[in-house]
Amino acid sequence: MPTLNWIGKDKVVNHHIEVPYKVLEHSYGFDGHKSKGEIGCGNKIIHGDNLEALKSLLPEYEGKIKCIYIDPPYNTGNEGWKYNDSVNDPKIKKWLGETVGKEGEDLTRHDKWLCMMYPRLKLLQKLLSDDGVIFISIDDHEYQNLKFICDELFGRINFVTNFTWRTDGNFDNQAKIKINHEYVLCYSKNIELFEHPKVVDPNVPEASKLFRSEIRNTVVKNGPKNPISIINLPIGFPSDIENGTIKARNSSWPHYKEDAIIKNGKLNNSVAVSSGWSSKGILEKFIKKDFLPVKDSKGQETTFVISKTGAIENIKSRGEASHVVSSLFNMGSTQNMSAELKKIGVNFDYPKSLTLIQYLISIINGENFIVLDSFAGSGTTGHAVLNLNKDGRNRKFILIEMMDYVEEITSVRLQHVINGYSDQNATGGSFDFYNLGDSIFDVDGHLNEQIDIEKIRKYVYYTETTYSIERSTNSDNKYFLGMTNLTAYYLFYEPKVITTLDYGFLATVKTAAEQYIVYADNCLLPKDFMIEKNIVFKKIPRDITKF
């Protein structure tokens, strides 16, 4: 598969590993009003650099995010975004803090954009669940580059589609060709697990057959891809005709080799019919199963009948319709969204359309899943989740925004949405607001003693197991982290205290396991004893993995 190279790529391919792991510090909760306590509802707004914030989410959320939407800088040359990632390389260090300008002023702006995006997409891929989907808004300036790196990171086989969004509202009337579209690239983590969306494009008229619970279509289809073949319809094959006869014929399709006699809505004699067929395999399966419903490729229950004209028709029953097309239109504009935000008293340039984001999220099936937006801006994704939850589901949002306006715009917007504003009814809901805190390791590589011990415990357990510490339900001494695959984990750590793994500590262990992994400052147990009891000592901080 072709890959894309650019200045600095070799330094950012694994840059996500070098990014310091920082903890999230709770600032306040909002549940109709602000409160100091952590609500713990699952909805989060995080203020901080999104590369560091994404890494901070890994211990709790790796492989658990079902829907990701991001709207990164388009790199138009007019946005004024800055490259601030601390990559230890002379070619890249000179970019730090520089505003990325027009191509004529800065020929490396595409390299900077790729160096900024690559490690973030790598962490987003880790956070995405196996059945998850990521949507990425972009335009012509970086579309080709984004497609190349997404093919590399997510796998070309997992490419779902490239949505084209026809943007409503104003555009450059002086341009030779007026640009009125953007793109939304869509990838799945595993294309085999991406389900048919239970949603219909909102531009489909209400009278469309797509909304019917039952759809009928003839399976007679002649052409080069559908060569003529014979199917034997056995006695009992169902028909729309209650009683009657379809005469033998070769003047219209399908051809009947003999008369088909129908009594009480069923074929009374075996009949050979010939035609080209669009669903021959499913039809034969239906016959083999004695006319019981069979599943088609979309999982829809399917039966077959002889129609009154003699055609063979399939009847598909479906619980919820599925009709998503790659061309998106009549889904709002940034101008309309800006006007809507002004009702809240919020001024924000180029907010994404609420209608668009709601539709994209609705493509994902499920009652309770998490939606992550790591370029949150004014908070449209959170607004969309709150609106969609009016259907009784319990989706959650995680929004990350590095700019200081996150307090006055992103948070305030969602507060008004929850409580209701102007002509909009309250959605209800709540969220917790966090700031990105200190690194879990200090400059000397030691555990930061200012960090809450519980956050250190979660970090260590994740580095050992890739699981969240909440998986543990066992009760043991206070240093017990949890047990995975018959291995019990302990972090014998106290700030400003030298801890020692000895017989005294072992006397406090209550969990029966095949192996014990214990972190401590020192170990006084004999090696032979540790081998016999399957005890592994790991020294703090030397043996704590940095990921």
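Quantities reported herein were computed from a predicted structural model and do not represent experimental measurements. All heavy atoms count here, side chains included; hydrogens, waters and symmetry mates do not.
Although no hydrogens or angles enter the test, the distance criterion places a donor-acceptor pair under 3.5 Å between the side chain of Asn365 and the main chain of Lys198. Side-chain atoms of Arg393 come within 3.5 Å of backbone atoms of Gly366 as a donor-acceptor pair (strictly under, hydrogens ignored). Within the 3.5 Å criterion, the main-chain N or O of Lys295 finds no donor-acceptor partner in the side chain of Lys316. Between the side chain of Arg156 and the backbone N or O of Glu152 there is no donor-acceptor pair closer than 3.5 Å. Although no hydrogens or angles enter the test, the distance criterion places a donor-acceptor pair under 3.5 Å between the side chain of Asn222 and the main chain of Gly276. Within the 3.5 Å criterion, the main-chain N or O of Val220 finds a donor-acceptor partner in the side chain of Thr218.
The number of heavy atoms from other shown groups lying within 6.0 Å of NZ (Lys9) is above 12. Surrounding NZ of Lys225 are at most 12 heavy atoms belonging to other residues, nucleotides or ligands under 6.0 Å away. Annotation for Lys280: atom NZ counts as buried by contact number, over 12 foreign heavy atoms lying within 6.0 Å.
Here the side chains of Leu57 and Leu24 are in contact, with some heavy-atom distance below 4.5 Å. At a threshold of 4.5 Å between non-hydrogen side-chain atoms, the residues Ile315 and Thr302 do not count as touching. When side chains are defined from C-beta on, Ile361 counts as touching Phe369, because their heavy atoms get closer than 4.5 Å.
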Exercise. Any chance you could lay out the side chain to side chain donor-acceptor pair (under 3.5 Å) test for Ser56 and Glu52, step after step, and finish with the verdict?
Key: CA-CA 6 Å; Ser56 74; Glu52 295 174 337; over 6 Å; no
Quiz item: When you look at Tyr421 and Glu340, which way does the side chain to side chain donor-acceptor pair (under 3.5 Å) test go after all the steps?
Solution: CA-CA 10 Å; Tyr421 67 93; Glu340 185 70 16; 2.7 Å; yes
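Legend: residues meeting side-chain hydrogen bond (donor to acceptor under 3.5 Å, both in side chains) with Ser307, ordered by chain and number and at least two apart, are Thr309.
Between Ser430 and Asn43, the shortest heavy-atom contact is O-ND2, 2.8 Å.
To the nearest 0.5 angstrom, Asn75 atom CG is 4.5 Å from Glu142 atom CD. Remark: Trp6 CH2 to Ile149 CD1 distance equals 5.5 Å, nearest 0.5 Å. Atom CD of residue Glu367 and atom CG of residue Asn389 lie 10.0 Å apart, to the nearest 0.5 angstrom. Within the model, atoms CG of Asn243 and NZ of Lys263 stand 8.0 Å from one another, a figure rounded to the nearest 0.5 Å. Atom-to-atom distance recorded for Asn232:CG and Phe237:CZ is 11.5 Å, nearest 0.5 angstrom. The distance from the CD1 atom of Ile230 to the OG atom of Ser275 is 11.5 Å, given to the nearest 0.5 Å.
Looking at His181 and Tyr183, their side chains do bring a donor and an acceptor atom within 3.5 Å of each other.
Remark: aromatic rings of His141 and Tyr143 are distant, center separation not under 6.0 Å.
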I'd like a table of donor-acceptor pairs (distance under 3.5 Å, sequence neighbours excluded) in which one partner is a side-chain atom from residues 345-354, with atom names and distances.
| residue | atom | partner | partner atom | Å |
| --- | --- | --- | --- | --- |
| Lys352 | NZ | Asp71 | OD1 | 3.4 |
| Lys352 | NZ | Asp71 | OD2 | 3.4 |
| Lys352 | NZ | Tyr74 | OH | 3.1 |
| Lys352 | NZ | Glu182 | OE1 | 3.3 |
| Ser353 | OG | Met331 | O | 2.4 |
| Ser353 | OG | Thr355 | N | 3.3 |
| Ser353 | OG | Leu356 | N | 3.2 |

Please tabulate, one pair per line, all N/O donor-acceptor pairs under 3.5 Å involving side-chain atoms of residues 283-291, not counting sequence neighbours.
none

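Only one option out of Phe163, Phe194, Phe154 pairs with Tyr187 in a ring-ring contact (aromatic ring centres under 6.0 Å, His included); it is Phe154.
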